[in-house]
Novice: 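Handing you this structure, nothing more for now.
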2 protein chains.
Amino acid sequence: MTTTPTASLAERKRQLVADELTRAALGLLAQKGFDAVTVDEIAACAGMSKRTFFRYFASKEDVVVQFLAGLGAGMRAELASRPAGEPPSAALRHAVRACVDACAGQAERTLRVVRLILGTPALHARFLEHQAQWRDELAAELAARLGLDAAALHPRLAAGTALTAFDVVLQQWSSGDGSEDPAALTDRAFATLAPALDATPR
Amino acid sequence: MTTTPTASLAERKRQLVADELTRAALGLLAQKGFDAVTVDEIAACAGMSKRTFFRYFASKEDVVVQFLAGLGAGMRAELASRPAGEPPSAALRHAVRACVDACAGQAERTLRVVRLILGTPALHARFLEHQAQWRDELAAELAARLGLDAAALHPRLAAGTALTAFDVVLQQWSSGDGSEDPAALTDRAFATLAPALDATPR
DNA sequence: CCTCGCGTGTCACCAAGTGTCAAGGAGGTC
DNA sequence: GACCTCCTTGACACTTGGTGACACGCGAGG
């Protein structure tokens, strides 16, 4: 049940196809723009049919946005792994930093994708939708840390505020030439926001 | 205020048709769900053709989201009209309050629309896209007030944080039975966030 | 009476997705 | 090697969102 070699093989084959589709898609989309490329084109460029594309990605937006899919999970995991005594501002800062550092790690690739997303309304919308999901998850994690109700105002506000910082940092980073250090931007943002994040909820 | 009567007449006719389409759409969508209603249906219910629908609304999402379209402009106008000496937290609070009060003014209608939006991924995405636009506008206004660069970190953070508050308040309000006072929620949220909004940018 | 402008309906068309079915390859059994 | 089974894929048809082109009807003004 754990990891039979056959399952692992099938899984790797699947991953291979997905990677090829992603590669073809990112290349074409970055070059010609989101609306000017059809799914048929992407599939043909990857050497398969449109139907296969949709077996791997739920939508044309998905192939771009899923490139960032792991970030949300990583952020929540990082937040969950922070020591319990740490103030929320520091814990959230580390969580966002985990994300930002992952992005900065493959800077040129990430920059291309982020610019594509921020410059394409349809993609931006999907990205924000993902972020809304992350916000709920971060809020739940935060509520657990603080012993509060997950539906309360404060954890949601704090999670949303932290994600706003992430958003602004991405925007700032991608609008420049990429030379600005996103980690430093993140720390500056959290220095401003810390008092609100650590406030005692009434 | 009114310009020439002829232009006003055409404008009012247009508005009439748009209202009829909106009415038909909101009725059907709230009743059957977003995906279960086709544009053909909406148009037929309003007594016109699909083509006409798309002459009034850019997309199926638009007919729902445009119902809230004025909010962003109202928020920015309110922010612009606040006295220059007021601290950012108070000015932003009043701006968001203007929005929230407008929503609370037609509570049952707004609640229906907001629940529809928050419960439909496609609509939620479009809504967030609008909000991103508002954020840029609020940041620009704020930068002008504070004499900062509109692309700087601080105005964007403050605008995003204020909108997070708006978002959380809407979410909280719509998830309850509507009896909770959104204005009070807004004030509580801003009480937490104020120190971050009024912080001096470095 | 004509015609000009405007809004609308009709039709054709493209692209995003989805359901369905048949073909083919990888692996296991006799 | 023959057979069977599972899984992936391609081909095709279909629905729906959305757009472009054109024709029709109608009121205003010559």
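Bear in mind that the values here come from a model prediction, so they are computed numbers and not experimental data. Reminder, nothing fancy here: chain letters follow the sequence lines and each chain counts from 1.
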Novice: Would you kindly give the CZ-to-P distance between A/F57 and C/dA15, to the nearest whole Å?
Specialist: 21 Å
Novice: How many Å lie between CG on A/D40 and C1' on C/dT18, as a whole number?
Specialist: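 Spelled out: CG on A/D40 to C1' on C/dT18 is 14 Å.
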Novice: State whether the side chain of A/D62 and the backbone N or O of A/F57 hold a donor-acceptor pair below 3.5 Å, judged by distance alone.
Specialist: no
Novice: To the nearest Å, how far apart are B/K13 NZ and D/dC26 P?
Specialist: 13 Å
Novice: On DNA chain C, nearest-nucleotide positions of A/A58 versus B/G47: which is more 5'?
Specialist: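 Final value for this comparison: B/G47.
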Novice: Without decimals, in angstroms, what is the distance between A/R14 CZ and D/dT9 C1'?
Specialist: 12 Å
Novice: Run the side chain to side chain contact (heavy atoms under 4.5 Å, CB included) test on A/L142 and A/L92 for me, step by step, so that the C-alpha distance in whole Å, both residues' side-chain angles and the decisive distance to 0.1 Å come before the verdict.
Specialist: CA-CA 9 Å; A/L142 213 54; A/L92 283 169; 4.1 Å; yes
Novice: To the nearest Å, give me how far apart CD (B/E41) and P (D/dT16) are.
Specialist: 9 Å
Novice: Regarding B/R55, tell me which of base, sugar-phosphate or nothing describes its non-hydrogen contacts under 4.0 Å with the strands shown.
Specialist: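 Contact class for B/R55: base.
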Novice: Indicate whether OP1 or OP2 belonging to C/dG7 is found under 4.0 Å from a side-chain N or O atom of B/Y56.
Specialist: no
Novice: Mind calculating the distance between CG (A/L16) and P (C/dA26) to the nearest angstrom?
Specialist: 15 Å
Novice: Name the orientation class of the two ring planes belonging to B/H124 and B/F127 (parallel below 30°, tilted from 30 to 60°, perpendicular beyond 60°).
Specialist: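 Ring orientation, 0 to 90° scale: parallel.
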Novice: Heavy atoms from C-beta onward define the side chain here; which of D/dT19, D/dG10, C/dA16 lies closest to that of B/R51?
Specialist: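 The nucleotide sitting nearest to the side chain is D/dT19.
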Novice: Is there a donor-acceptor contact under 3.5 Å from the side chain of A/E78 to the main chain of A/M75?
Specialist: no
Novice: Separation of B/F34 atom CZ from D/dT16 atom C1', in whole Å?
Specialist: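 Going from B/F34 (CZ) to D/dT16 (C1'), I get 12 Å.
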Novice: Tell me which nucleotide among C/dG17, D/dT16, D/dT9 gets nearest to the side chain of A/S59.
Specialist: C/dG17
Novice: Rounded to whole Å, please give me the gap between CZ in B/F53 and P in C/dG7.
Specialist: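 Spelled out: CZ on B/F53 to P on C/dG7 is 18 Å.
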Novice: For D/dG10, does OP1 or OP2 lie under 4.0 Å from any side-chain N or O of A/T52?
Specialist: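 Checking A/T52 against D/dG10: at least one side-chain N or O falls below 4.0 Å of OP1 or OP2.
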Novice: Taking A/T52 for its side chain and A/M48 for its backbone only, find out whether a donor-acceptor pair lies under 3.5 Å.
Specialist: no
Novice: Please determine, for the side chain of A/F54, which listed nucleotide (C/dG9, D/dT16, C/dG17) has the closest atom?
Specialist: C/dG17
Novice: Quick one: does A/K50 reach the base of C/dG17 with a side-chain donor-acceptor pair under 3.5 Å?
Specialist: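 By the distance-only test, yes, there is a pair.
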